[in-house]
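What you are looking at is a predicted structure, and each value in this text was computed from that prediction instead of being measured. Lettering of chains follows the sequences in order, A, B, ..., and the numbering in each one begins at 1.
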Amino acid sequence: MSATISLISGRAVPVVGNDIDTDRIIPARFLRCVTFDGLGEHAFEDDRRQLTAAGKTHAFDDQRFTGAKVLVANSNFGCGSSREHAPQALAKWGIDAIVAVSYSEIFFGNCVAMGLPCLRVSVADSEAIQAAVVKDPAAQVAVDIDKLEVRVGGQTWKAQMGAGHRQQFLTGQWDATSELIAGLPQVRATAGKLPYVSSFA
Amino acid sequence: MSSRTLFDKVWDLHTVRTLPSGQNQLFIGLHMIHEVTSPQAFADLRAKGLKVPFPELSVATVDHIVPTEDQSRPYADGLAEEMMVAIARNCREYGIRLFEPGSGKQGVVHIIAPEQGLTQPGMTVACGDSHTATHGAFGAIAFGIGTSQVRDVLATQTLSMSRLKVRKIQVDGRLKSGVYAKDVILHILRKLTAKGGVGFAYEFAGSTFSAMSMEERMTVCNMAIEGGARCGYVNPDQVTFDYLKGREYAPTGDNWAKAVAWWTSIASDADAQFDDIKTFRAEDIEPTVTWGISPDHGVGVGESIPAKESFTQDEWATIDEAYQYMDLKAGQPIAGVVIDVAFIGSCTNGRISDLREAAKVITAHGGQVNAKVKAFIVPGSEAVKVAAEAEGLDKIFTAHGFEWRNAGCSMCLAMNPDKLKGRQVSASSSNRNFKGRQGSPSGRTLLMSPAMVAIAALEGKVSDVRAVLNTSESLQKKN
Ligand code: SF4
């Protein structure tokens, strides 16, 4: 059993744009490593550098959002490569929860396995939450997995998460490994019934 | 029980039980490992004192960081060397087969498993790599997974997963000359978008896929993931069985007939029920090139860069970003866009049939790689390299100015020394045109078929491969 996760609150950082892929979250050159340590400082590195070169500032470089715990994104966040280095980099940077319109499934699954809850909101709400955070970067943002809500200042938005995953976070069963291990005798029984496991002999 | 899809049958057969979370504990029949996404999983096993109960169902290779020129050890890149040492040690310690460079079996993980006969119909397959969808070409259900799940598969041979919906993608008819499997999937992505498949498994059905070779089917399934689908598959048929027969890890002797009978039985039933169906006609598909920063930003080679208004409004910001990043304008023809680098390889298009098609185009054209272009060809595996050299393809490539390399992922994601520089534009047979994907944070990628990459390399710009193929056909008639 892992820790229960029901409410994350802290400041938020908006990362605007659809289809932000994992190559952008953590460029491939940082995957040359045998541990996830040290990935946090390289989150969004190329996007950050390009904006800086163009005289602009990426949200991850914007001092107003330093120390944020909640990432607010838009559609199809984390698409592309299966690299768990992407959510690991975000987590190491300090992110404890993500709010977006939708996620790539592999990215979402990686986040669950790490205990990083990802809630879904509508397109309009993702933009409204981002706007609220930009307006008041110091505001406390509450990501409530129990009530399925995102709250900023006096405003509340409805959020979604599959019932099974919600339960996993609330009961501290998001780390599936021990549960999977408990099923090992049944795993062997399933394997025994699959003709290819014994090469059809 | 009838009316079931292959997905339903395979899912049910591999379901161990329902977990308290409501997800399924799903048995994984083939687990593939590579050097990038596995070291942290093994470290975690070690830290928790976990064992690997089914080491014979895992197989490992090295592909992402392997240099394609000088492969002598230790590698010049110390971090790459460290990863090589780690995977060798991990495989040794846990009793897992490892196909290393020089073994004759090394290569991109999604190329070698089919090549060795490891991937078979009716299996569940997992690998810490999103393009695991490739193995669906055999009628397997194949998932890309993250590192925590790699650890779970090692420790239990299972995954915690939720059932997917199944969308049938029906394509009928014959592809026109110069149109390849790559164009089919780029066309589908363009129509169904990069996120249209979230929550689905894609079943590719219809006469167009039936007529495809296994290698072409792999190209299609490989990029199902770019459409948001978690996996894609083609039902197994005689083409599948003929491909597998005689491969090293395929069933042999009396077991072969039993295997074929079982494989046949797991195909989707004629009256299978789907959650959704989308249909396309092969004749409508043109050689397709991506112009933007997502694999669904494709256009026919005869078309122009689309106007923002042709996309839904929530895409406009991304489309503007794509115009700007690629330095292309709406209304500008894609043909004629100048390239700097040409790359043929990757798990999408690094197989022997891809190299043959490229060689055919190069021979038909007859010219040299454009003086301003760096062009290189990276076989997907050591076995592909040997086969290509036996056919003399390498001689054709080098005689026309292409470099001929050793097997690996190479500039598909540029974790090895093969990288774009600065704002270079590459014509690439790989699968992702994301910003910075090919090694330069500001580098630009145009995805296309290997034949289209070959012609782009020779002409120095995006060109319609059919011009060459048609000319060579009419020349042959004249002679
Ligand atoms: S060739 Fe490219 S997409 Fe395929 S496994 Fe290697 S890096 Fe991934």
Side-chain angles (χ1 to χ4, degrees), chain A residues 16-19 21 23-24 27-29 31-36 45-47 49-50 75-76 79-85 87 102 104-106 109-110 113-114 123 162-165 167-168 171 173 175-177 179-181 183-184 186-191 193-197 199-201, chain B residues 13-14 16-17 19-23 25 27 29 36-37 39-40 43 53 65 79-80 82-83 86 120 122-123 128-130 144-149 151-152 155-158 160 162 194-195 198 228 230 251 255 258-259 262 294 314-315 317-318 321 413-415 432 434-437 441-442:
Chain A
V16 178
N18 295 330
D19 305 314
D21 58 76
D23 276 81
R24 285 171 69 182
R29 62 183 181 280
L31 274 49
R32 286 155 48 253
C33 57
V34 294
T35 75
F36 290 128
E45 174 139 329
D46 290 344
D47 281 7
R49 281 198 195 179
Q50 269 158 27
S75 294
N76 201 25
C79 60
S81 155
S82 66
R83 61 186 71 160
E84 192 168 311
H85 305 67
S102 57
S104 104
E105 271 162 275
I106 301 181
N110 284 339
M114 292 167 48
V123 173
H165 291 120
Q167 207 53 31
Q168 274 177 288
T171 58
Q173 287 173 335
D175 180 359
T177 316
E179 196 57 58
L180 293 175
I181 290 173
L184 266 176
Q186 287 145 285
V187 172
R188 289 183 204 283
T190 304
K193 284 187 284 188
L194 291 166
Y196 67 83
V197 172
S199 306
F200 300 92
Chain B
L13 279 169
H14 291 78
V16 174
R17 62 183 182 129
L19 296 166
S21 64
Q23 291 198 302
Q25 182 166 9
F27 185 79
V36 177
T37 55
Q40 297 87 350
I65 52 130
L79 294 171
E82 192 186 341
M83 295 172 81
Q120 296 169 17
M123 282 182 164
D129 191 283
S130 54
I145 56 177
T147 297
S148 296
Q149 291 175 306
R151 173 204 59 208
D152 289 348
T156 68
Q157 205 60 34
T158 61
S160 164
S162 302
K195 53 178 176 280
V198 171
R230 189 73 198 262
N255 298 336
K258 287 192 234 167
W262 187 70
S294 172
D314 69 314
E315 291 296 327
T318 309
E321 194 181 342
L413 96 164
M415 275 187 74
R432 286 187 175 143
F434 298 152
K435 285 174 155 188
R437 170 76 177 183
S442 55

Legend entry - Within-4.5 Å side-chain heavy-atom neighbours: A:Gln167 and B:Ser21: no
Inset, instruction - Would you mind checking which part of A:Asp19 comes under 4.5 Å of any heavy atom in chain B, side chain (CB onward), backbone (N, CA, C, O), both or neither? - result: side chain
Legend entry - Heavy-atom pair count under 4.5 Å with chain A, highest-scoring of B:Gly436, B:Gly29, B:Ala80: B:Gly29
Legend entry - Inter-residue atom distance A:Arg188.CZ - B:Phe27.CZ, 0.5 Å rounding: 10.0 Å
Inset, instruction - Flag the pair A:Glu179 / B:Pro20 as yes when at least one side-chain heavy-atom distance between them is below 4.5 Å, and no otherwise. - result: yes
Legend entry - Partner chain A: residue of B:His14, B:Glu315, B:Gln157 with the largest heavy-atom pair count (under 4.5 Å): B:His14
Legend entry - Per-residue contact mode, B:Ser442 against chain A (heavy atom under 4.5 angstrom): both
Legend entry - Short side-chain to backbone donor-acceptor contact, A:Thr177 and B:Asp152, under 3.5 Å: no
Legend entry - Distance (rounded to the nearest 0.5 Å) between A:Leu31 CG and B:Leu413 CG: 7.5 Å
Inset, instruction - Kindly determine whether A:Asp175 and B:Arg151 satisfy salt bridge (charged side-chain N to carboxylate O under 4.0 Å, His left out), including the steps that lead there. - result: CA-CA 11 Å; A:Asp175 180 359; B:Arg151 173 204 59 208; 3.6 Å; yes
Inset, instruction - Tell me, for B:Arg437 versus chain A, whether the close heavy atoms (under 4.5 Å) come from the side chain, the backbone, both or neither. - result: both
Inset, instruction - Tell me, with the steps shown, if B:Asp129 and A:Arg83 meet side-chain contact (heavy atoms from CB on, under 4.5 Å). - result: CA-CA 7 Å; B:Asp129 191 283; A:Arg83 61 186 71 160; over 6 Å; no
Legend entry - Option that, when pairs with chain A are counted at under 4.5 Å, heavy atom only, ranks first among B:Met415, B:Lys258, B:Gln120: B:Met415
Legend entry - Options B:Arg432, B:Lys435, B:Gln40, B:Met123, ranked by heavy-atom pairs under 4.5 Å with chain A, top entry: B:Gln40
Inset, instruction - Answer with side chain, backbone, both or neither: which region of B:Phe434 has an atom nearer than 4.5 Å to a non-hydrogen atom of chain A? - result: both
Inset, instruction - To the nearest 0.5 Å, tell me how far B:Ile65 CD1 sits from B:Met83 CE. - result: 5.5 Å
Inset, instruction - Can you tell which part of A:Pro195 gets under 4.5 Å to a heavy atom of chain B, answering side chain, backbone, both or neither? - result: side chain
Legend entry - Heavy-atom pair count under 4.5 Å with chain A, highest-scoring of B:Val198, B:Leu13, B:Leu19: B:Val198
Legend entry - Which atoms of B:Ala317 approach chain A - backbone, side chain, both or neither, heavy atom under 4.5 Å: neither
Inset, instruction - Against chain B, work out which of A:Ile106, A:Val16, A:Asn110, A:Asp46 has the most heavy-atom pairs shorter than 4.5 Å and name it. - result: A:Ile106
Inset, instruction - Under 4.5 Å heavy-atom distance to chain B, tell me which part of A:Gln186 shows up: side chain, backbone, both or neither. - result: both
Inset, instruction - May I ask you to test the A:Gln50-B:Pro441 pair for a side-chain heavy-atom distance under 4.5 Å? - result: yes
Legend entry - Heavy-atom donor-acceptor pair, A:Glu84 side chain to B:Ser148 backbone, under 3.5 Å: yes
Legend entry - Engaged part of A:Val34 at the chain B interface, taking heavy atoms whose separation is under 4.5 Å: both
Legend entry - Which atoms of A:Glu105 approach chain B - backbone, side chain, both or neither, heavy atom under 4.5 Å: both
Inset, instruction - Give the member of A:Gly183, A:Ala163, A:Ser199, A:Gly17 that has the highest number of heavy-atom pairs under 4.5 Å with chain B. - result: A:Gly183
Inset, instruction - Mind checking the CD-CD1 spacing from B:Gln25 to A:Ile181? Nearest 0.5 Å is all I need. - result: 10.0 Å
Legend entry - Residue, of A:Pro27, A:Ala113, A:Ala28, that accumulates the most heavy atom pairs under 4.5 Å with chain B: A:Ala28
Inset, instruction - Output the option from A:Cys79, A:Gly109, A:Cys33 having the highest count of non-hydrogen pairs under 4.5 Å with chain B. - result: A:Cys33
Inset, instruction - Could you tell me which portion of A:Leu194 (side chain, backbone, both or neither) has an atom closer than 4.5 angstrom to a non-hydrogen atom of chain B? - result: side chain
Legend entry - Contact class of A:Arg24 relative to chain B, heavy atoms under 4.5 angstrom: side chain
Legend entry - For B:Thr37 against B:Gly128, the heavy-atom pair lying closest together: OG1-O, 2.8 Å
Inset, instruction - Could you have a look at A:Thr35, A:Val187, A:Leu184 and say which one has the most heavy-atom pairs with chain B under 4.5 angstrom? - result: A:Val187
Inset, instruction - Examine whether an atom of A:Ser82 lies under 4.5 Å from a heavy atom of chain B, and if so say whether it belongs to the side chain, the backbone or both; otherwise answer neither. - result: both
Legend entry - Side chain / backbone / both / neither for A:Tyr196 at chain B, heavy atoms under 4.5 Å: side chain
Inset, instruction - Tell me, for B:Gln23 versus chain A, whether the close heavy atoms (under 4.5 Å) come from the side chain, the backbone, both or neither. - result: side chain
Legend entry - Euclidean distance, B:Thr158 OG1 relative to B:Gln149 CD, rounded to 0.5 Å: 10.5 Å
Inset, instruction - Mind checking the CG-CG spacing from A:Asn76 to A:Asp21? Nearest 0.5 Å is all I need. - result: 9.5 Å
Legend entry - Under 3.5 Å donor-acceptor, A:Gln173 side chain and A:Gln168 backbone: no
Legend entry - Max heavy-atom pair count under 4.5 Å with chain B, selected residue of A:Ala191, A:Ala176, A:Ser75: A:Ala191
